[in-house]
Amino acid sequence: MVTAQESQVTESQEKTTSNSIEGLAEHYHKGDEIELVASIEGETEGSWQWYIKDSEVSEWEPVAGLTSQIFSREATTNGLQIKAALLESNGDLIEDSEVVEVVIDDHHSGDEDGNGERIYNGFFYNDEIADRDLSDWEGDWQSVYPYLESGDLDEVFESKARENDTMTAQAYKEYYTTGYETDLDRIVINDDTFTFYYEDENEVIAQYEYDGYEVLTYDRGNRGVRFIFKKVDGQAADMPEFIQFSDHSISPTDSAHFHLYWGDNRDELLEEVDHWPTYYPSELDASGLVHDMLAH
């Protein structure tokens with residue numbers, strides 16, 4: 001018979017389970033509140049115990065005081081693994097939940113070597129740049145422009161104005177309106193394929209291959225890197241020949257958001273610095289998007 005204590009090291013989460021965890025965000029920032037809810041199919045009775053571990057080699061530890069379906073904890077550790085165990089009244093294990101993992105992304109501000117913030121702000125050495133695979137941007141992405149139009153991002157512009165007395169919130173909104181404006185509402189990137197979803201519900205798809213990177217120097221003296229992908233010959237005529245990414249990173253890493261440039265002339269795209277449609281994960285709602293933008 002398996003006890004609650006023994007469930008700390010049970011690997012039953014590797015099998016199919018009806019005990020699930022809901023509420024996990026795609027990523028958190030340090031200091032955010034992690035709020036999760038455990039649930040199980042059917043009318044099974046029992047009590048709950050939450051467990052955490054901070055690495056693959058550490059042991060599962062019970063979280064004192066968390067004996068309901070609700071998990072609440074401040075986000076402090078990237079990669080923290082969490083599971084919930086449903087227990088009988090005598091402490092015997094009924095079922096472990098799936099395991100979820102917390103991702104903390106503070107937009108390169110707290111990396112171990114101290115260089116992330118410098119690079120994010122556009123100050124880096126050429127030998128720090130490395131080629132990147134399209135997998136860095138794989139996923140389902142939404143344009144932030146509709147949120148700007150609806151007024152959902154006004155809080156972001158007001159925050160920027162409070163931190164910089166040279167521009168008003170309205171001036172920031174006008175600047176970002178120019179930058180964000182696009183009719184390309186959604187992008188899905190899977191393997192080597194882009195699917196564009198326009199606001200008129202037109203959908204187009206094509207395959208792309210890596211075409212290197214270019215380093216740009218801006219008027220303020222900082223720099224950026226455009227990672228470029230070229231359409232495979234013979235693909236959809238209504239898809240652009242070139243797609244260029246800029247996401248403040250200069251070497252392989254999963255992107256949290258990005259600015260995108262697309263068109264048929266590679267060199268002309270590199271000259272575009274005023275118009276930069278921006279994409280965040282499609283699963284974010286307005287409040288999640290605002291929270292993420294305010295974090296950097």
Side-chain angles (χ1 to χ4, degrees), residues 1-107 109-110 138-142 147 152 155 186 188 254-257 280-296:
M1 183 172 292
V2 181
T3 65
Q5 183 68 25
E6 288 169 340
S7 73
Q8 296 179 35
V9 294
T10 299
E11 297 301 329
S12 60
Q13 66 274 4
E14 295 180 357
K15 65 181 181 180
T16 301
T17 175
S18 59
N19 183 359
S20 62
I21 294 177
E22 299 175 352
L24 184 74
E26 179 174 297
H27 68 269
Y28 299 87
H29 308 115
K30 284 187 176 179
D32 284 353
E33 190 72 15
I34 303 169
E35 295 182 347
L36 307 175
V37 179
S39 62
I40 191 167
E41 297 178 4
E43 299 296 327
T44 304
E45 296 182 356
S47 60
W48 294 91
Q49 175 63 61
W50 290 88
Y51 294 88
I52 60 172
K53 66 175 183 175
D54 57 14
S55 71
E56 290 295 338
V57 298
S58 61
E59 301 290 334
W60 286 105
E61 298 179 3
V63 183
L66 291 186
T67 56
S68 72
Q69 288 178 272
I70 308 299
F71 178 97
S72 181
R73 186 184 182 93
E74 182 180 346
T76 58
T77 304
N78 185 44
L80 181 72
Q81 295 184 42
I82 304 169
K83 70 175 180 177
L86 183 64
L87 309 175
E88 295 180 349
S89 59
N90 63 2
D92 291 341
L93 176 68
I94 297 174
E95 187 173 40
D96 273 339
S97 74
E98 61 185 336
V99 174
V100 298
E101 184 170 318
V102 172
V103 175
I104 294 179
D105 182 356
D106 279 332
H107 305 287
S109 62
E138 191 167 62
D140 194 321
W141 305 89
Q142 63 177 327
Y147 295 95
D152 287 323
E155 180 183 348
R186 179 181 169 220
V188 174
D254 290 339
S255 185
H257 77 272
Y280 276 74
S282 291
E283 67 179 36
L284 288 180
D285 60 9
S287 61
L289 192 62
V290 168
H291 178 75
D292 203 81
M293 288 183 170
L294 290 175
H296 75 283

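Treat the numbers as computed from the prediction; the structure is a model and nothing was measured.
The backbone N or O of Ala38 sits less than 3.5 Å from a side-chain atom of Gln69, completing a donor-acceptor pair. Between the Glu35 side chain and the Arg73 main chain, no donor and acceptor come within less than 3.5 Å of each other.
We find the CG-CG distance between Leu87 and Leu93 to be 6.5 Å, quoted to the nearest 0.5 Å. Annotation: the span from Ser89 atom OG to Ile94 atom CD1 amounts to 8.5 Å, rounded to 0.5 Å. Taking CD1 of Ile52 as the start and NZ of Lys83 as the end, the distance is 12.5 Å to the nearest 0.5 Å. The line from CD of Glu59 to NZ of Lys53 is 7.5 Å long, rounded to the nearest 0.5 Å. With rounding to the nearest 0.5 angstrom, the NE2 atom of His291 is 10.0 Å from the CG atom of Leu284. Atom OH of Tyr51 sits about 11.5 Å away from atom CG of Leu66, to the nearest 0.5 Å.
Smallest separation of non-hydrogen atoms from Trp141 and Ala256: CZ3-O, 3.7 Å. Taking both residues in full, the closest heavy atoms of Ala84 and Trp48 are given as CB-CE3, 4.0 Å, listed atom of the first, atom of the second, then distance.
The aromatic rings of Trp50 and Phe71 sit tilted, their planes meeting at an angle between 30° and 60°.
The shortest distance between side-chain heavy atoms of Thr77 and Val102 does not fall below 4.5 Å. Side-chain contact between Glu283 and Asp140: absent, with no pair of heavy atoms (C-beta onward) separated by less than 4.5 Å. The closest side-chain heavy-atom distance from Asp152 to Leu289 is not below 4.5 Å. You'll find the side chain of Val103 reaches within 4.5 Å of the side chain of Asn78, heavy atoms only. In this structure the side chain of Trp60 never reaches within 4.5 angstrom of the side chain of Asp96, judged on heavy atoms.
Counted within 6.0 Å of CD on Glu155, heavy atoms from surrounding residues, nucleotides or ligands total 12 or fewer; the atom is thus considered open.
Counting only N and O atoms by type, the side chains of Glu33 and Ser72 include a donor and acceptor under 3.5 Å apart.
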